Amino acid sequence: DAGVIQSPRHEVTEMGQEVTLRCKPISGHNSLFWYRQTMMRGLELLIYFNNNVPIDDSGMPEDRFSAKMPNASFSTLKIQPSEPRDSAVYFCASSLDRVNSPLHFGNGTRLTVT
Amino acid sequence: DAKTTQPTSMDCAEGRAANLPCNHSTISGNEYVYWYRQIHSQGPQYIIHGLKNNETNEMASLIITEDRKSSTLILPHATLRDTAVYYCIAEYGNKLVFGAGTILRVKS
C-alpha cells in the first residue's frame, strides 16, 4: 500500500498566481480530509469529503480556496489567487467512512507564496 | 468534540517508558480518545484509540481512567525516533480537530 500520495511536495509561487495541490487517497478509503498547518494556528481542518461529496467545508478560509473530488482516487485543493498568508504545509488524509477509523496522512505539500 | 489539555513538552530518557497525560474532563459518552503523533516535517501518524477500556498495540498502550476524564499514552521503551509532537483528541467520528499537542523529546 503506497499510502496517501500528495503532489507536489514543495510549491513556490508568486502572489496572485493560482495554486493546485493534489491528493490520491488510499484505495478503498471513502473519506478524504484536507488540513493546513502553520506555526501560528497549528493543524486546521479545511474540508472533508465522504464518497466524493463535500460534507463540511466550514474550515475553508475564504472563497479563494476551493476543493474538489471528481472520483474516489483523486482530490484537488485550489487557491486562486494565492496570497503570502496562504504559505503553510497542506496535508491530505484519508480513512474508511466508519466511526473511529484512523486517518492516514500524506507527507504534505509545503506551499510558499512570495 | 471535547476539549483536551496536554502539557506543552516533556523529556524522556532513551529506553525508559514515556507517559504522556491528557485531560478531557468534558468528554461525552460516545467520544473516543485518539492519539496521533507528528515527527518533524511528516504528516501525523495514528498511534492508538480507545473508548472505555485500556488498549495496547505494537506502538503503545492507552490507559483511560474509569471516569474517562483523563488518559495516558505509554510508550514502553522510548527511542530517539519517538521524538515528536503527540496529539490527544477526544472525538466522535473521524472529523478530528488537533490541538497544540505535547512535544516529547527523547534524550540519550
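No experiment lies behind these values; they were computed from the predicted model shown. In what follows, chains carry the letters A, B, and so on, assigned in the order in which the sequence lines appear, proteins first and then strands, with residues in each chain numbered from 1.
Interface residue A/L96: only backbone heavy atoms are found under 4.5 Å from chain B. For A/R9, the part lying near chain B is the side chain, with the backbone staying farther off; criterion is any non-hydrogen pair under 4.5 Å. Interface residue A/Q37: only side-chain heavy atoms are found under 4.5 Å from chain B. Contacts of A/L43 with chain B are made by both backbone and side-chain atoms, with heavy-atom separations under 4.5 Å. Residue B/L51: no heavy atom, backbone or side chain, is found under 4.5 Å from chain A.
With respect to chain A, the highest number of heavy-atom pairs below 4.5 Å among B/K95, B/E91, B/Q45 belongs to B/K95. In terms of non-hydrogen atom pairs under 4.5 Å with chain A, the most contact-rich of B/G43, B/A100, B/P44 is B/P44.
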For the pair B/D82 and B/R37, evaluate side chain to side chain contact (heavy atoms under 4.5 Å, CB included) and give the outcome as yes or no after the intermediate values. CA-CA 9 Å; B/D82 292 322; B/R37 73 180 182 183; 2.8 Å; yes
Output, in order, the C-alpha distance, side-chain angles, deciding distance and verdict of side chain to side chain contact (heavy atoms under 4.5 Å, CB included) for A/L111 and A/V19. CA-CA 9 Å; A/L111 173 65; A/V19 175; 3.9 Å; yes
Chi angles and distances behind the side chain to side chain contact (heavy atoms under 4.5 Å, CB included) call for A/M69, A/Y48: CA-CA 10 Å; A/M69 192 163 186; A/Y48 81 95; over 6 Å; no
For a side chain to side chain contact (heavy atoms under 4.5 Å, CB included) check, start with the C-alpha distance between A/W34 and A/C23, then their side-chain angles and the critical distance, and finish with the verdict. CA-CA 9 Å; A/W34 282 101; A/C23 175; 3.5 Å; yes
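Residues B/F98 and A/Y35 meet the side-chain proximity criterion, which asks for heavy atoms closer than 4.5 Å.
Proximity of a side-chain donor or acceptor of B/Q42 to a complementary backbone N or O of A/N107 within less than 3.5 Å is not detected.
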